[in-house]
Every structure is written in structure tokens, then in C-alpha cells.
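On a predicted model such as this, the values are computed, not experimentally measured, just so you know. To find a chain, count down the sequence lines: A is the first, B the second, and so on, and within it residues start at 1.
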Amino acid sequence: MKENLYNYILGIADNSLILGQRMGELCGHGPSLETDIACTNISLDLLGQVRSYFQYAAKIAGDDRTEDDIAMLRKERDYKNVLLVEQPNLNFAHTIGRQFLFDVYHLAFLAELQKSTDLTLSAIANKCIKEVSYHERFSSDWVKRLGDGTSESKEKIQEAINDLWTYTDELFHQTKADKAMVLESVGVDVTKLKNDYYKRVKDLLEEATLQIPDSKWFQKGGKEGIHTEHLGYLLTDLQYMQRTYPNMEW
Amino acid sequence: MNKTQQHIDPILIPILEQVSDPEIPVLSIMDMGVVRSALIINGVVEVEITPTYSGCPAMDVIGDDIEKALKNASYDSRIDLILHPAWTTDWITPIGRKALEDYGIAAPLEADADKEVLLNGKRLIKCTNCRSQNTKLVSQFGSTACKALFKCEDCQEPFDYFKCL
Ligand SMILES: [Zn+2]
């Protein structure tokens, strides 16, 4: 099995899986019908993308593993998502802030992944980028509305951005699989996305009349499987059915 | 082979036209442009379909329905899901666009115009009920992943718009 490629795909897909699960939690709990539907549609897009990645990963694994096994039956330490996407839904501003900080990255990442020499990955990226551009429009639009809205909405989105800022730097860390895949022109060199990312985020925050956090301390670990306490609870929810009734299907 | 072209054996077209998107029953999968190739190879029909949206739950159903329709016409088949080239709303045929409109879903605009209506609130989409262009975006995300929600400010009717992809 091509272990680096397998791990590389999981690193990409786990971000979408965990963020998709978080957005799915809002089903029936969004602040308005329209935002509820938007959040669950984003969740559906992300989970759909995950299926393409995991089907490919299962093929590379070459054993009897299926896309469902990869999604549902790994242990916490085996998930490679960044810490940002596992952060809980504290309030709508927090949900939007998390989505925004990820979407800007996600869009830039997929633009590069389209150039991958791995044809399956470039095809998936080509498909996903169209959907993610709608996500980024939605979340950046809301950052501006909340930032330039009432004093309360401004305070909440500022607080969310300040809280979540510490998780942004990890997006640009390279894992062992990343480095190997960049060498083969399969993977994206995320270190090269960093400057443009912060520039784009800062421009949008300024437009939203928000302060740019100046904290220099950043959290890391998710990509190596060292997660915040929130992931365990999320996985309990996500995996409950498969753990309780192994191999059950709808 | 130019992959943006469809490669479909003409004999199979009437059979494939019977299959529709379960979420938009008036739209055949042929007019939606999801069938990229369908050829009879050694007596077996090999069909390639491409998903509209990644999360589209209709794809599994469409695959099963194609298999059934071909079986009814005494063909064995194999259905493959392909991702490249990515589906685009440009592949919806003129007949498909008309079927969407008649069903109450506004057909996708060109990419630039789509951006204008979804981002800047320009009024370019015609109400599917009264044809007025005095329509307003309610939400970028609608009842399914492929649609946005609009409202007509003349007849007050809410309706879906098929987003450009
Ligand atoms: Zn009208």
C-alpha cells in the first residue's frame, strides 16, 4: 500500500469530515430557517466530498476496508484533522468564524490540489472547489454582516475570531505524508499558502470592521492525531451507531 | 477522446431518457447531462455517470435506476461513477432547462450573472410563476444542495434557483 498517499488523503478528508459533522449538528438548531438550511447544505457538501476521498483511500488500502470503515471505525488518535475544525458550536458567530477561517484555506488549498499529478485527487479538487467557493461566499458574507452589524453581533464575531485565531497556523504545518507527496508533485505545499491566506483573511476582517488578532501563540497537534478534548465527544456522536450495531446499514 | 463530449450509443438513448433525477422527476438524466458515456461492449452496457454535486444523495438511486431500465430492455450493465471532467450546469440541455422552468425551478444563469445575483443582489432571475424579474435572493442555499432560494416581489411566490456550477 502507498502509505504516504493514503495518509495524505486522510489528512485532507478528515478536515471535511469533522467540519461536516460540526455543521450537521446545526440541523434543526440554526438561528433561522435559511441559515439552518445553509449550514446543513454545507455539511452535506463536505460529507459528499469526504466520500470521494475515502473511496479513493479504500482503493489504495487494497484490503477489505470500505469508505465507511475509514470514516466510522478509527480511534481518536488516528484522525488527522486540524484542531480548528473540531472546535464546538458555541454560538452562531463562533460557527461562522470557524467556517470562514477554514473556507479561505480550503479554497486556496483546492485551487492548488487541482494541479496534482494524481488524476483522482485533481478531479476531486476540481469538483469540490466549485462547492467550496459557495461556502466561502456564505461565511465571509456573514463575517461582514456580523462585524458590521449590531454592537452585540460585532462583539460575538470578534470574540470568535480571537478565540479561533490560535488554531490557524496549524493549517500550514507539513506532516511526513505532506512532505513526501509534495516531492512527488501529488500534494500541495501548504507552507506556500500561508502569506496569501493571512492577507485574504485580514482584508476581509478589515472590511468587516473587525480587529485582526495579534496573538503570536498558536496551537498545533491535530494533524499528528493529538486533539483537543472536543474531538472525543464529536466522535462519540459520529460513531455511536456503528459501534453499537457493527456493520449496520440503512 | 474529448471527455467533455458524451459518447452514447444511439440505441440506448430512449432507454436512458426514461430515467430521471429522483429529486427533480421532470428532468431526465440525459437532459441533466450526468450520463457521460454509454456503450455496448461485449454485450454489456457500460455506463459512466458523473455526480452533479459531491453530496448529491440522488446519485446512488440514479445508478440503480439506470441498471433497472437497462435490465427491462434486456441489457446487463455496469455503472461507473466518474469525477473527471467535473459536471457543470452548462451540460443541462435546452430541453432540460425548459423542464426545470416548467417545474418551478429557475434555470442556471451564466457564471458571471450567477455571481451577480448571489453576491450582489442584482435582479436577473425571472420568477417561475409570473416571469417578473423583480426577484430577490432569500438564501444562497435552498431545499437541496444544488439550489438557492428566491422570492418574487411581484407575485410573492417563493421559488428555487438552480445554482450555476
Ligand atoms: Zn412572480
Handout entry: Within 45° cone and under 6.0 Å: B/K163 NZ/CZ vs A/Y134 ring
Key = yes
Problem - Side chain, backbone, both or neither of B/T50 within contact of chain A (heavy atoms, under 4.5 Å) - result: neither
Fill in the blank from the handout: The interface call for B/K147 against chain A, heavy-atom contacts under 4.5 Å, is neither
Exercise for the section: Would you check if there is a donor-acceptor pair between the side chains of B/N134 and B/R123 at a distance under 3.5 Å? Expected result: yes
Fill in the blank from the handout: Those residues of residues 27-43 of chain A that come under 4.5 Å of chain B on a heavy-atom basis, listed by number, are A/E34, A/I37, A/A38, A/N41, A/I42
Handout entry: Neighbourhood of chain B inside residues 49-57 of chain A, taking heavy atoms under 4.5 Å as contact
Key = A/Q49, A/R51, A/S52
Problem - Ring centers of A/F100, A/W142 separated by less than 6.0 Å - result: no
Tell me, yes or no, whether the heavy-atom count around [X] atom [atom1], taken from other residues, nucleotides or ligands under 6.0 Å, exceeds 12.
X: A/K154; atom1: NZ; result: yes
X: B/I11; atom1: CD1; result: no
X: A/K2; atom1: NZ; result: no

Exercise for the section: For the pair A/Y197 (side chain) and A/L171 (backbone), establish whether a donor and an acceptor sit closer than 3.5 Å, ignoring hydrogens and angles. Expected result: no
Practice task
Specify whether A/Y8 and A/F109 have parallel, tilted or perpendicular ring planes, treating 30° as the upper limit for parallel and 60° as the lower limit for perpendicular.
Solution key: tilted
Practice task
Please determine if B/K98 and B/D102 form a salt bridge, counting it only when a charged side-chain N lies under 4.0 Å from a carboxylate O.
Solution key: yes
Problem - Segment of A/L44 engaging chain B (4.5 angstrom heavy-atom cut-off) - result: both
Problem - Test applied, side chain to side chain donor-acceptor pair (under 3.5 Å); reference residue, B/S37; option that passes from B/E48, B/H7, B/Q6 - result: B/E48
